[in-house]
Amino acid sequence: MSEKLRIFTYPDSVLKARAEPVANIDGDLQEVIESMGETMYDAPGIGLAANQVGLLKRILVYDLSPRGEGRKLCVLVNPEIVEGEGKIVHEEACLSVIDYSAEVSRHARIRVKGFDRHGSPVDLEAEDLLAVCLQHEIDHLNGVLYIDHISSLKRALYRKRLKKMLMKARNTDE
Ligand SMILES: [Zn+2]
């Protein structure tokens with residue numbers, strides 16, 4: 001049975017850590033993948049990296065299917081970007097960065113190599129939203145958040161606002 005996992009949020013240190021390659025693609029991994037999928041759909045989000053659920057393994061899940069067309073959980077294990085070209089600016093948000101979004105510039109087209117959930121090699125080319133999503137998720141596995149790509153001023157303003165939000169939430173809890 002898969003279970004919903006806790007999503008860690010900025011500035012938790014697990015989001016800053018580099019995830020380790022998966023050595024064995026086995027039954028335990030299938031369970032982790034199902035739980036990550038469930039957590040992503042429940043959130044809801046279009047992508048989730050293992051760091052975000054506190055697991056430092058190079059696994060990511062995503063699903064860009066249009067709403068109402070059913071689910072198609074895509075999985076990449078040990079993904080690496082091997083080529084990137086062009087430029088796309090897209091407004092990004094993240095399940096681990098509460099109440100914020102910002103424009104980020106990334107490669108418009110990438111080529112990614114890795115493995116699927118059964119251990120078969122994957123070699124895919126992505127563009128537009130899929131390219132943005134995969135760069136965002138692979139960044140997570142390297143301990144990088146999309147807000148690391150924005151200006152330090154914008155990031156500082158966000159940190160300040162987040163601090164206030166968290167303090168307010170804490171006060172309401174008491
Ligand atoms: Zn994210």
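Both backbone and side-chain heavy atoms feed into the values below; hydrogens, waters and symmetry mates do not. Every number for a ligand or one of its atoms is a count from 1 in the order of the listing.
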(request) Keeping the roles fixed (side chain from D63, backbone from R71), state whether a donor-acceptor pair exists under 3.5 Å. (result) no
(request) Identify the residue among L124, L64, I81 that makes a side chain to side chain contact (heavy atoms under 4.5 Å, CB included) with L134. (result) L124
(message) For the Zn ion (ligand 1), which protein N/O/S atoms fall under 2.8 Å? Skip waters.
(response) C94 SG, H136 NE2, H140 NE2
(message) Using a 3.5 Å distance criterion without hydrogens, assess whether the side chain of D116 forms a donor-acceptor pair with backbone atoms of V122.
(response) no
(request) For residues 34-49, pull every pair meeting salt bridge (charged side-chain N to carboxylate O under 4.0 Å, His left out), keeping only residues two or more places apart or in separate chains. (result) K4-D42, E34-R117
(request) Under 4.5 Å between side-chain heavy atoms, chaining through other members, with only Ile, Leu, Val, Met, Phe, Trp and Tyr counted: pull out the rest of the cluster around V14, sorted by chain and number. (result) F8, Y10, L15, L56, V97, I98, Y100, V104, L145, Y146, I147, I150, Y158, L162, M165, L166
(message) Going by salt bridge (charged side-chain N to carboxylate O under 4.0 Å, His left out), name the pairs with one or both residues in residues 88-108, residues two or more places apart or in two chains.
(response) E92-R106, D99-R161, R106-D139
